[in-house]
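Within every chain, numbering begins at 1; the chains are lettered A, B, ... in the order of the sequence lines, protein sequences first and strands thereafter.
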Amino acid sequence: MRKYLHLALGVAAVVFATAPFAIHWAPYEVTMGLVQKIFYFHVPSAILTLVWALVCGVASAIFLFRKSKYADYVAVASAEMVVLLGSMMLVSGPLWGRKAWGVWWTWDPRLTSSLMLWITFLAYLLLRRFGGPGSDKLGAGMALFGMANVPFIYVSVNYWRTLHPQTTVIPNLVPPMAGPLWFAMLGFLVFSLVLVTLRAQLEEQRDRVEALYLAADES
Amino acid sequence: MTDFFRIAWLIVKKDLTVEIRSLELVLTTVFFAALCVLVFAFAFVEEGRALDHAAGGILWIAIAFSGTLALGRTFERERQAETLRALLLAPADRPALYVGKLLGVILLMLLVQVLIVPLVGLFFQAPIFRHPGLLGALLLTGTIGYAAVGTLFAAMLVRARSRDVMLPILLYPIAVPVIIAGVRGTAAIFQATPDEPMARFWITLLLFFDVVFVTLALWTFEPLMTE
């Protein structure tokens, strides 16, 4: 396990060290110019926010119905990853939007649903932190409801005008742009995988220490 | 199946009996909702005229806030004498307990709306009698969706230390579609030239929301409430 983690960390380090050059050599976008380069940071964090939210929802369901403790550790770790990557997405998005659209924020479906997803997981983390005993189950319920809620938020704000580009942009990128994007994506994916694995292990150890304390108290 | 509805009905009857004896929840919640509307009236009325489109938003915020209060109090009552544990120990389907509690909360919230809808109509010159059917459908579907999520969360939070602050923190992010659909749908009815197809679209969305979240709550109530 350790060996794989070190290997993954090495890969992530190489990607993060070389990605700026790859992004530098990628061609300039015709209308936005230099500003568009934030794309290589914004899109991977946005996609991985959704991926980790999905992981958290599935892990929560497994925890709830199969009572697997490890699924709960994974759920906590991935929820923290959602908030971290979501913050990166919500900071880089408005920076780009200010230059490209002229506004920091607009109530577009994609922006609103991303914001609400981020807020749902913030609520999840608050609950895990301050909910007291039993908050692991409650959190699992919250994660499940949060997942089911995403399509509703999306449809309900879809009645307003859309500024955000569609996701169909991604498969139709020219190769010189797609290369650096997938390269950056690889770095983000591997690094977040390492962080989530370590965080889940930490959670497991914290749980074990707690159980040991309880056992010592009783004896 | 008949057992399921019988148990749910027994719980509704029990809650109603307790409530009718004291009227605590009804009176406090109704008064709180009316105060909410009043406070918004001070914020959004200028020179005797309300801001355009303010009525729908105020109505739904008052519903959401008073709903949170009602949910918290309903389960606080069950906690005081450990009666929720007794309910859970009863040889009854857990989902039936949920449905019983849910119906009680919906009834209470609808009762509150009977008072605050005319109040909003009065204070904000909202044409509440223009499409009573559409407005009623919006209020009913919205209340069911809000209460479906709220009842489950409030029940889960009964044993939690910080339940008073946790309920709104957990409930509002999930209830966002209800608020958006309710506010937009009500605004479509109240605006100068009413937009009926728009109101119907929001009612359909709320119906879908109700179906998905009631199903999800019935499905997860058992594992969530088992210690």
How far does [atom1] of [X] sit from [atom2] of [Y], to the nearest 0.5 angstrom?
{"X": "B:E222", "Y": "A:L64", "atom1": "CD", "atom2": "CG", "result": "11.0 Å"}
{"X": "A:M116", "Y": "B:I174", "atom1": "CE", "atom2": "CD1", "result": "8.0 Å"}
{"X": "B:L170", "Y": "A:L138", "atom1": "CG", "atom2": "CG", "result": "6.5 Å"}
{"X": "B:L171", "Y": "A:M142", "atom1": "CG", "atom2": "CE", "result": "9.0 Å"}
{"X": "A:L127", "Y": "B:L157", "atom1": "CG", "atom2": "CG", "result": "7.0 Å"}
{"X": "A:S135", "Y": "B:R159", "atom1": "OG", "atom2": "CZ", "result": "12.0 Å"}

Tell me, side chain or backbone of B:M156 under 4.5 Å from chain A's heavy atoms, or both, or neither?
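Both the backbone and the side chain of B:M156 come within 4.5 Å of chain A.
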Evaluate whether atom CZ of B:R73 has more than 12 neighbouring non-hydrogen atoms of other residues, nucleotides or ligands under 6.0 angstrom away.
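No, not enclosed.
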When you look at NZ of A:K99, are more than 12 heavy atoms from neighbouring residues, nucleotides or ligands closer to it than 6.0 Å?
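Not buried by this count: 12 neighbours or fewer within 6.0 Å.
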Identify which part of A:L122 has an atom lying under 4.5 Å from any heavy atom of chain B, answering side chain, backbone, both or neither.
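The answer is neither part of A:L122.
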For chain B, which of A:Y124, A:F65, A:F130 has the most heavy-atom pairs under 4.5 Å?
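It is A:F65.
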Could you tell me which non-hydrogen atom of B:T220 sits nearest to which non-hydrogen atom of A:L144, and how far apart they are?
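Smallest interatomic distance, heavy atoms only, reads CG2-CD1, 3.8 Å.
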So which heavy atom on B:I169 is nearest to which on A:A123, and how close?
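Reported closest heavy-atom pair: O-CB, 3.6 Å.
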Checking B:Y172 against A:I119 for the side-chain contact (heavy atoms from CB on, under 4.5 Å) test, could you report, in this order, the C-alpha distance in whole Å, the side-chain angles of both residues, the deciding distance, and whether it holds?
CA-CA 10 Å; B:Y172 293 165; A:I119 285 184; over 6 Å; no
Is there a donor-acceptor contact under 3.5 Å from the side chain of A:N149 to the main chain of B:A175?
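No; judged by distance alone, with no hydrogens or angles, the pair does not exist.
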